[in-house]
K.L.:
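Following this message is one structure expressed as structure tokens.
Here is the naming used below: chain letters follow the sequence lines, and residue numbers restart at 1 for every chain.
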Amino acid sequence: MSVEPTDSNAPATAASSDFIRDIVAQHVAEQRYAKIVTRFPPEPNGYLHIGHAKSICLNFGIARENGGQCNLRFDDTNPVKEDVEYVDSITADVQWLIAGWADQCIGFKPKGAHPALITSNGKPDLFLGPVPPTAPNSEPFFASDYFDALHGYALELIKRGKAYVCDLTPKETEEYRGAPDKPGRDSPFRHRTIAENLDLFQRMTAGEFPDGARTLRAKINMASPNVWLRDPLLYRIRHVAHHHAGSKWCLYPLYDYAHCLSDYLEGVTHSICTLEFVDHRALYEWILEALELPRALPHQYEFAKLHLGYTLVSKRKLLTLVTEKIVTGWDDPRMPTLSGLRRRGIPASALRTFVTSVGVTKFDSVTEVAVFENAVRNELNTLAVRRLAVLKPIKIVLTNIPAGETIPCEATNDPQSETPTARTITLTREVFIDSDDFAEVPPPKYFRLKPGGEVRLKYACIIKLDEIVKDAAGQISELRCTADLTTRAGQPNSDKKVKGTIHWVSATQCLDAEVRLYDRLFNVAEPGSEEDFLKVVNPHSLEVVTAKLEPSLAAAALADRFQFERIGYFALDPRDSAPGKLVFNRTISLKDAWTAKK
RNA sequence: UGCCUGAUGGUGUAAUGGUAGCACAGGCGACUUUGACUCGCCUAGUCAUGGUUCGAAUCCAUGUCGGGCAGCCA
């Protein structure tokens, strides 16, 4: 069952240009590549979050705007941290985010396919092209499918005298590397012969040495001012099975070595990543150039990560929230994960609009949550059908309406539509209103129900408060009001103005439902820079109420988006809601200038 | 004391030698059977100092401040 509303599929804002798109545009103008190919390369060690949405929209957006392709590739070179659980969630999240927008350019590959031997410019070469995800037996790309190819390239590097087997321990390796402002020292194993390196590397591959005993390193320059060029490690020994590649290997390539070559094998033209990899670019290029590969080389471009106020975007910290049970799971609606946001009811289109509006630069910034919330409200305002619901009910008795009488009222479903439709709701003697809409001692400029005051019940009529009835404990048990039925639509006094209009549901014709009200997970704007982010968790990030809903909500479907009028936007919880047991999540509240002012 | 990278209203972003614009936020007002939406108006910015130029946010120099880099993580 779909949980996605039919949204406006095109991005609400045309993707304006940015420095990376400008580069791509120039390459297109120069006809430098036959096709623009990008990739989204998550490591399957956690769930995707809103920060990844920026990267996904950038990479898929560029492919989309240039008739190109964007491969979904798992960067799975570290089997000890990764798991198939994440492969599945990430694949689903990516497809959800780009559905109806860029799904024509996502590249998968035939299940089980590895790079094939081809001839490029008269030389032997390896290549793995894409198939659409709709193709039978397709799956995303996996860096681990390139382990054979990568191993072959490593042999080639050794033969060219550009890589060597090093026996330094991890600690020694660190010491020899020097410091940012201090050159490193050559490893004593740097000058082994090619034959010896070849032999040792094959024996590493065969499993002759324990974890950590030896590594394969690029022979570059231990005195380089760029520490990533100080003979970086290419392979390390790990006697563990791999979640995708099985138990064939006991040595695994490192990111810098695997990534550039994975890009090459897939024919990626623009390898877009975040700023922390700027220093790695020289290595990315060194490896590809050292191999003298026969096809056009990919190039790396870097942009600033998305940071959002009051939000964490660190897989490690999000994992902590899950393991410490601060939240119920990766898809808890309070989580900034794509699955959490989806479950909360946020449309993919709103996420796309948001990350597009934030832009792409090299400036490390923090975006205010208000920008995100604005994008969500904007999208939902046109998407959501209006309904009446009362979150914290107070009973009203309309003393001049006989018990048992039902007064039909016409209510608009979609006021934003050019051709609005309506439904009928029922006014009865007893109704519920929200406790926020009544004040026994009202503050100044309070437009809602107060002693002796008048207020309009939306779509119905104006009522006047006559009497507050309290129980023995002094708690308000009901409010007794008079309804002025002549102020209903179509009646003579329908134009009568009152300051306040409030929402309501019939007490005798309504539904109970669990409604989950979410608030921000953190109390500070930058929880990520907190010494202990668990200390700034908002203890009130979830409030659960039993709400009274108008009866039509019994037919709510997972893909539906509702505005409970004057309250906010709501959607069924896809995990906990069931027929006969409605559970709604508040996606986001309506803007509230009144409470904000108070 | 190394290398890389950046700096435009409160926030984010545009202007690519020629009128500093847009969005969000904030303020005021209009409209309103949602204190929503919408609309109008307003507040507020080129890190600093020099230089080049008829003209500089943009080019140059110096400085200041910020971010990143020393995993057998990605």
K.L.:
Would you indicate what A/A370 reaches in the nucleic acid, counting non-hydrogen atoms under 4.0 angstrom: base, sugar-phosphate, or nothing?
P.N.:
sugar-phosphate
K.L.:
Work out which heavy atom in A/M222 is nearest to a heavy atom in A/Y176; give both atom names and the distance.
P.N.:
CE-O, 3.3 Å
K.L.:
Would you mind pulling out the nucleotide paired to B/C59, Watson-Crick or G-U wobble, both distances under 3.5 Å?
P.N.:
B/G51
K.L.:
Between A/F147 and A/F142 (judged by ring centroids, cut-off 6.0 Å), do the two rings come close enough to count as a pair?
P.N.:
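When the ring centroids of A/F147 and A/F142 are compared, they turn out to be at least 6.0 Å apart.
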K.L.:
Syn or anti for B/G55? Use the chi torsion, O4'-C1'-N9-C4 for purines and O4'-C1'-N1-C2 for pyrimidines, with syn inside 90° of 0.
P.N.:
anti
K.L.:
Quick one: do A/R230 and A/D186 make a salt bridge, cutoff under 4.0 Å?
P.N.:
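No, no charged N to carboxylate O under 4.0 Å.
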K.L.:
Which part of the nucleic acid, if any, lies within reach of A/V366 when heavy atoms closer than 4.0 Å are counted: base, sugar-phosphate only, or nothing?
P.N.:
sugar-phosphate
K.L.:
Take atom P in B/G55 and the same atom in B/A20, then report the distance between them in whole Å.
P.N.:
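Straight-line distance between the two P atoms is 16 Å.
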K.L.:
Using a 4.0 Å heavy-atom cut-off, does A/F363 contact any base of the nucleic acid, only the sugar-phosphate backbone, or nothing at all?
P.N.:
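Sugar-phosphate, no base atom in range.
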K.L.:
Remember a base hit wins even if backbone is also touched, and classify A/K445 as base, sugar-phosphate or nothing at under 4.0 Å, heavy atoms.
P.N.:
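Base contact.
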K.L.:
Using distance alone, with no hydrogens and no angle criterion, decide if A/D484 and A/T486 have a side-chain donor and acceptor under 3.5 Å apart.
P.N.:
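Their side chains do contain a donor-acceptor pair, which is all the 3.5 Å distance test asks for.
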K.L.:
For A/E43 and A/K591, find the nucleotide of RNA chain B closest to each by heavy atoms; which residue's nucleotide sits nearer the 5' end?
P.N.:
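Residue closer to the 5' terminus by nearest nucleotide: A/K591.
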K.L.:
For a quick check of understanding: with a heavy-atom distance under 4.0 Å over all strands, which category does A/T215 fall into, base, sugar-phosphate or nothing?
P.N.:
base
K.L.:
Would you say A/Q563 and A/Y569 are linked by a side-chain donor-acceptor pair, where the criterion is simply a distance under 3.5 Å?
P.N.:
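There is such a pair (donor and acceptor under 3.5 Å, judged by atom type) between the side chains of A/Y569 and A/Q563.
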K.L.:
Using atom P in both nucleotides, what's the gap between B/C47 and B/C42 to the nearest angstrom?
P.N.:
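Per the computed distance, 25 Å lies between those P atoms.
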K.L.:
Heavy atoms under 4.0 Å, any strand shown: does A/A375 hit a base, just sugar-phosphate, or nothing?
P.N.:
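A/A375: no heavy atom of the nucleic acid under 4.0 Å.
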K.L.:
To the closest 0.5 Å, what do you measure between CG (A/D434) and CG (A/L391)?
P.N.:
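Between atom CG of A/D434 and atom CG of A/L391 there are 5.5 Å.
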K.L.:
Under 4.0 Å between any heavy atoms, over every strand shown, what does A/R238 touch: base, sugar-phosphate, or nothing? Just pick one.
P.N.:
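Contact class for A/R238: base.
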K.L.:
Using atom P of each nucleotide, how far apart are B/G51 and B/A56 to the nearest Å?
P.N.:
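Those two atoms are separated by 12 Å.
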K.L.:
Checking all strands, does A/P41 fall into the base, sugar-phosphate, or nothing category for heavy-atom contacts under 4.0 angstrom?
P.N.:
nothing
K.L.:
Quick one: does any side-chain atom of A/T274 pair with a main-chain N or O of A/E276 as donor and acceptor, under 3.5 Å?
P.N.:
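Looks like no, no N/O pair under 3.5 Å.
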K.L.:
Please classify the nucleic acid contact of A/R448 as base, sugar-phosphate, or nothing, using heavy-atom distances under 4.0 Å.
P.N.:
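Here A/R448 touches the bases of the nucleic acid.
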K.L.:
Would you please indicate yes or no on a ring centroid separation below 6.0 angstrom for A/F201 and A/H151?
P.N.:
yes
K.L.:
Could you tell me whether A/E302 contacts a base, only the sugar-phosphate backbone, or nothing, with contacts defined as non-hydrogen atoms closer than 4.0 Å?
P.N.:
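Nothing: the residue A/E302, judged by heavy atoms under 4.0 Å, touches no strand.
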K.L.:
What distance, rounded to whole Å, do you find between the two C1' atoms, one in B/C65 and one in B/U32?
P.N.:
49 Å
K.L.:
Within the structure shown, what part of the strands sits under 4.0 Å from A/L590 by heavy-atom distance: base, sugar-phosphate, or nothing?
P.N.:
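Here A/L590 touches the bases of the nucleic acid.
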K.L.:
Could you please name the partner base of B/A23, counting Watson-Crick and G-U wobble pairs only when both distances are under 3.5 Å?
P.N.:
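B/A23 is paired with B/U11.
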K.L.:
Touch check for A/I588, heavy atoms < 4.0 angstrom, all strands: base, sugar-phosphate only, or nothing?
P.N.:
nothing
K.L.:
Determine which nucleotide pairs with B/G6, using a 3.5 Å limit on both distances of a Watson-Crick or G-U wobble pair.
P.N.:
B/C65
K.L.:
Quantified in whole Å, what is the C1' atom distance between nucleotide B/U43 and nucleotide B/U49?
P.N.:
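About 30 Å, rounded to a whole number of Å.
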K.L.:
On a whole-Å scale, what distance lies between the P atoms belonging to B/U58 and B/G26?
P.N.:
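After rounding to an integer number of Å, I get 33 Å for this pair.
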K.L.:
Please name the residue in the list A/V355, A/L351, A/I62 that meets the side-chain contact (heavy atoms from CB on, under 4.5 Å) test with A/C57.
P.N.:
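Going through the options one by one, the only one that passes is A/V355.
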K.L.:
Under a criterion of less than 4.0 angstrom to any heavy atom of chain A, what are the 5'-terminal and 3'-terminal contacting nucleotides of RNA chain B?
P.N.:
B/U1 to B/A74
K.L.:
Now, which nucleotide makes the Watson-Crick or G-U wobble pair with B/C39, with each of the two distances under 3.5 Å?
P.N.:
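Matched B/C39 with B/G29 under the 3.5 Å cut-off.
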K.L.:
Taking atom P in both B/G18 and B/C73, what distance in whole Å separates the two?
P.N.:
50 Å
K.L.:
How would you label the contact of A/D364 with the nucleic acid (heavy atoms, under 4.0 Å): base, sugar-phosphate, or nothing?
P.N.:
sugar-phosphate
K.L.:
Base, sugar-phosphate, or nothing for A/R230, non-hydrogen atoms under 4.0 angstrom?
P.N.:
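Nothing: the residue A/R230, judged by heavy atoms under 4.0 Å, touches no strand.
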K.L.:
Please compare A/N374 and A/T501 by the position of their nearest nucleotide in RNA chain B and report the one closer to 5'.
P.N.:
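This one resolves to A/N374.
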K.L.:
What distance, rounded to whole Å, do you find between the two C1' atoms, one in B/U16 and one in B/U1?
P.N.:
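Between the two C1' atoms, the distance is 36 Å.
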